[in-house]
Amino acid sequence: LFFITSLSSNLMPSSSSVVTVAVAVAIVVSVALLVAGKQPNIIIVLTDDQDTLLNSTMFMPKLLANVAQKGVTFKFGLANTPVCCPSRSSLLSGRFIHNHGAVNNSVVGNCVGEAWKKGPEKDALAVHMKNAGYNTLYGGKYLNDYFGKYNPPGWTEWFGLHGNSRYYNYTIQDNDQAVPHKDSYEDDYLTDVLKRRGLEFVNNSIADEKPFFLWLGTPAAHASFTPAPQYFTTGKNLKAPRTPNYNKVFQDRHETVRELKPMTQTEIEQSDEIFGQRLGTLRSVDDLVGDLYDLLEQHGEADNTWFFYTGDHGFHLGQYAMGFDKRQLYETDIRVPYYVRGPNSLKNVVRNEPISHVDLAATIVDIATGSVPEEWDGLSYKELLVNETAEWKETQLIQYFGEGKTTETCGANHNIYTSNNDTCWYETSYIPAPCDGVNNTYSCVRRVSKDVSVNDIFCEFTCYNSARDIVPCPKDQAEGYGEYYDLNADPWQLVNKALDIPSSLYNQLSNLVNEMKNCSGQKGCQGKSRK
């Protein structure tokens with residue numbers, strides 16, 4: 001138990017008899033707290049496609065006041081893959097893609113495939129939380145190809161969305177009942193429906209005097225980028241940030257990115273509109289966070305609750321001439337907001353240590369039980385939340401498996417409200433944006449040292465022919481020699497320096513990529529080379 005660890009470690013210099021007494025006291029205290037229902041509660045709010053580099057939290061004051069200013073902000077929070085189902089599978093299971101097997105958003109790619117259901121899902125975070133005595137509820141988007149045919153193990157209550165993120169006209173699997181929703185704001189706006197269900201669960205768990213684990217997966221800020229009617233004009237006339245790499249095409253990149261053309265004026269205006277609409281969707285998430293904290297304060301549970309806020313991966317809006325989407329190795333797509341507040345956590349602290357999504361499940365199960373399953377790849381960052389001098393690894397693994405042909409496009413619908421704002425329906429579709437390709441398949445090591453003197457990313461690629469057979473990558477293109485960026489010198493990744501770094505560093509990073517993309521479990525994935 002965490003209490004045993006912390007008490008006994010504080011008394012290590014004392015005699016063995018004193019330590020024995022301390023441990024015994026710790027056990028009594030821990031058991032008393034468990035009996036009193038004082039195991040810490042845990043809440044995760046997981047957004048969809050929320051970036052951190054393009055100012056996505058600018059209209060989220062409740063999140064910043066309740067969590068960031070009273071907890072820890074991780075400046076380098078990372079998604080291990082910048083696409084929905086593989087990233088969420090890592091969050092749920094504590095495993096990298098090569099170990100949980102979900103390589104894309106399709107059943108064929110093991111998104112809710114049989115291998116997932118028979119393997120990682122049976123050992124996922126929720127199973128361990130339920131076994132630790134928690135009431136558990138999952139609400140909202142789970143995995144893209146989940147359609148209600150079963151309730152995943154470990155959840156004492158289930159409120160899962162069928163399919164991908166939607167704001168209206170969806171079906172929720174409410175335990176054993178599939179409940180259709182239509183297009184009325186008051187009854188059906190999904191973020192608000194999740195909020196109401198989450199508040200009900202918290203109230204009931206507190207009344208039952210049981211610790212609770214609540215995970216809410218909101219549709220915001222995913223396409224169709226539909227804000228609640230009161231927030232529909234939040235981002236009107238705002239423009240997506242004109243970053244140094246905005247609407248620029250670079251020839252020193254891998255195939256999917258270098259073969260683009262600059263956006264047209266229409267595509268630029270569309271990207272700006274999407275930027276503003278995304279901000280509007282996140283205001284309802286901000287209300288959700290605020291209402292959860294109001295309820296926790298009302299019951300005296302705010303200081304007994306760990307609250308984790310993050311997104312499944314980032315998003316780009318015009319960078320490298322890609323109007324909207326994710327899937328790329330660049331910072332806009334792999335960096336995510338990461339805020340944590342909890343009992344005795346550091347307050348209003350920004351940390352530079354790089355944490356990633358495989359580490360989330362490990363941290364939560366460590367908080368709840370005091371240990372991490374050996375089969376999981378992620379490392380618990382519990383100590384980073386309470387100890388300013390805690391040590392941490394400097395390396396994280398980023399992976400992605402490209403789909404389609406040379407260059408694929410991704411689309412999105414555009415929805416509008418009726419004049420009285422009571423119903424919402426499809427109006428048209430946005431112009432699809434280039435987003436992916438079969439040779440957009442990469443493995444990267446992202447490094448950040450504690451003092452940020454090291455702050456870089458190195459990526460290697462896997463290449464395919466038209467039959468999807470692996471072939472040698474062309475040595476004279478980035479697919480063959482990789483991509484490297486020193487983010488202290490080049491924060492917006494304007495120049496690929498893979499051919500300019502010393503051969504010793506190049507070989508070191510290449511070996512580290514190969515080691516990490518084949519690692520497994522605590523011993524294999526958290527070795528000395530990560531430090």
Side-chain angles (χ1 to χ4, degrees), residues 44-52 56 77-97 100-113 116 120-121 124-125 138-148 152 160-167 170 190-191 194 215-226 274 278 281-282 285 309-317 322 324-330 332-338 356-358 360-361 398-404 408-413 432-433 435-436 440-442:
I44 299 173
V45 172
L46 177 68
T47 55
D48 201 340
D49 288 9
Q50 186 176 3
D51 66 272
T52 192
S56 68
L78 299 166
N80 299 104
T81 184
V83 74
C84 299
C85 194
S87 182
R88 289 164 180 267
S89 298
S90 289
L91 284 159
L92 291 159
S93 71
R95 291 169 167 85
F96 290 122
I97 294 179
H100 65 59
V103 297
N104 57 44
N105 290 339
S106 69
V107 174
V108 174
N110 201 34
C111 180
V112 201
W116 163 260
E121 192 175 48
L125 174 59
Y138 194 100
K141 178 177 173 180
Y142 181 57
L143 300 171
N144 296 52
D145 273 287
Y146 171 80
F147 283 96
L161 176 69
H162 287 208
N164 204 358
S165 284
R166 301 174 71 94
Y167 300 84
Y170 56 86
L190 181 53
T191 302
L194 295 176
W215 189 327
L216 295 178
T218 72
H222 195 281
S224 58
F225 321 115
T226 308
I274 290 172
R278 284 165 51 82
T281 68
L282 289 165
V285 180
Y309 183 97
T310 189
D312 56 359
H313 47 73
F315 206 74
H316 56 253
L317 286 156
M322 296 179 288
F324 62 93
D325 204 61
K326 52 269 185 178
R327 295 177 169 86
Q328 300 303 320
L329 59 88
Y330 307 111
T332 48
D333 295 21
I334 66 173
R335 293 261 295 273
V336 290
Y338 240 116
S356 73
H357 281 345
V358 293
L360 179 66
I398 312 295
Q399 298 167 288
Y400 183 78
F401 294 82
E403 296 183 81
E408 295 294 317
T409 58
C410 297
N413 291 336
C435 63
D436 204 1
N440 187 41
T441 297
Y442 52 81

**Q.** Pairwise distance CG(L46) to CG(L216) - rounded to 0.5 angstrom
**A.** 9.5 Å
Q: Check step by step if side-chain contact (heavy atoms from CB on, under 4.5 Å) holds for D49 and R278.
A: CA-CA 9 Å; D49 288 9; R278 284 165 51 82; 3.8 Å; yes
(Q) For T81, give me all partners under side-chain hydrogen bond (donor to acceptor under 3.5 Å, both in side chains), at least two apart in sequence or on another chain. (A) none
**Q.** Rounded distance [0.5 Å steps], CD1 in I44 versus CG in L360
**A.** 4.5 Å
Q. What pairs with Y338 under side-chain hydrogen bond (donor to acceptor under 3.5 Å, both in side chains), at least two apart in sequence or on another chain?
A. H357
**Q.** Working for side-chain contact (heavy atoms from CB on, under 4.5 Å), residues N164 and N105
**A.** CA-CA 9 Å; N164 204 358; N105 290 339; 5.8 Å; no
Q. Does the side chain of Y170 reach to within under 4.5 Å of the side chain of K141, using non-hydrogen atoms?
A. no
Q | Side chains of T332 and D51 in contact at under 4.5 Å (non-hydrogen atoms) | A | no
Q | Contacts of type side chain to side chain contact (heavy atoms under 4.5 Å, CB included), residue A361, not counting sequence neighbours | A | L125, W376
Q: Please examine the side chains of L143 and L92, heavy atoms only from C-beta on, and report whether any two atoms are closer than 4.5 Å.
A: yes
Q | Distance in Å, D333 CG paired with L329 CG, rounded so as to fall on 0.5 Å steps | A | 8.0 Å
Q) Listed by chain and number, what are the ring-ring contact (aromatic ring centres under 6.0 Å, His included) partners of F324, not counting sequence neighbours? A) none
Q.
Tell me whether D48 is salt-bridged to R88, with the criterion being a basic N under 4.0 Å from an acidic carboxylate O.
A. yes
Q. Who are the ring-ring contact (aromatic ring centres under 6.0 Å, His included) partners of Y138, not counting sequence neighbours?
A. Y142, W155, W158, W215
Q: Tell me, please, which residues at least two apart from V103 pass side chain to side chain contact (heavy atoms under 4.5 Å, CB included).
A: I97, F401
Q.
Once side-chain hydrogen bond (donor to acceptor under 3.5 Å, both in side chains) is applied, do any residues pair with T226, and if so which ones, sequence neighbours excluded?
A. S224, N415
Q.
Apply side-chain contact (heavy atoms from CB on, under 4.5 Å) to residues V285 and V45 and explain how you reach the verdict.
A. CA-CA 9 Å; V285 180; V45 172; 4.2 Å; yes
**Q.** side-chain hydrogen bond (donor to acceptor under 3.5 Å, both in side chains) involving H100 - partner list, sequence neighbours excluded
**A.** S90
**Q.** Those residues that, when tested against H316, pass ring-ring contact (aromatic ring centres under 6.0 Å, His included) (two or more places apart)
**A.** none
Q.
For the SG atom of C435 and the CG atom of N440, what is their distance to the nearest 0.5 Å?
A. 8.5 Å
Q: Could you tell me the separation between the CZ atom of R327 and the CD atom of E408, rounded to the nearest 0.5 Å?
A: 10.0 Å
Q | Set of ring-ring contact (aromatic ring centres under 6.0 Å, His included) partners for W116, sequence neighbours left out | A | none
Q) Shortest non-hydrogen contact from S165 to L161? A) CA-CD2, 3.9 Å
Q: Verify, without hydrogens or angle tests, whether Y146 (side chain) and G160 (backbone) share a donor-acceptor contact under 3.5 angstrom.
A: no
Q | Donor-acceptor pair, side chain of Y442 and main chain of I398, under 3.5 angstrom | A | no
Q: Evaluate the side-chain proximity of C84 to H313: yes if any heavy-atom separation is below 4.5 Å, no if none is.
A: yes
**Q.** Nearest non-hydrogen partners of P219 and L194, listed with the distance
**A.** CD-CD1, 4.3 Å
(Q) Between Y167 (side chain only) and H222 (backbone N and O only), is there a donor and an acceptor less than 3.5 Å apart? (A) yes
Q: For the residue pair S356 and N80, confirm or rule out a side-chain donor-acceptor distance under 3.5 Å.
A: yes
Q. What residues, two or more places apart in sequence or in another chain, satisfy side chain to side chain contact (heavy atoms under 4.5 Å, CB included) together with T52?
A. R335, P337
Q: Could you tell me which non-hydrogen atom of N144 sits nearest to which non-hydrogen atom of F147, and how far apart they are?
A: O-CE1, 3.9 Å
(Q) According to disulfide (SG to SG under 2.5 Å), who are the partners of C111, at least two apart in sequence or on a separate chain? (A) C85
Q. Would you find a donor on one side and an acceptor on the other, under 3.5 Å apart, between the side chain of D436 and the backbone of E403?
A. yes
Q) Are any of the side-chain heavy atoms of T191 and T281 separated by less than 4.5 Å? A) no
**Q.** K326 vs Y400, side-chain contact (heavy atoms from CB on, under 4.5 Å): CA-CA, chis, key distance, verdict
**A.** CA-CA 11 Å; K326 52 269 185 178; Y400 183 78; over 6 Å; no
Q. Ignoring hydrogens and geometry, is there a side-chain-to-backbone donor-acceptor pair from S93 to A124 under 3.5 Å?
A. no
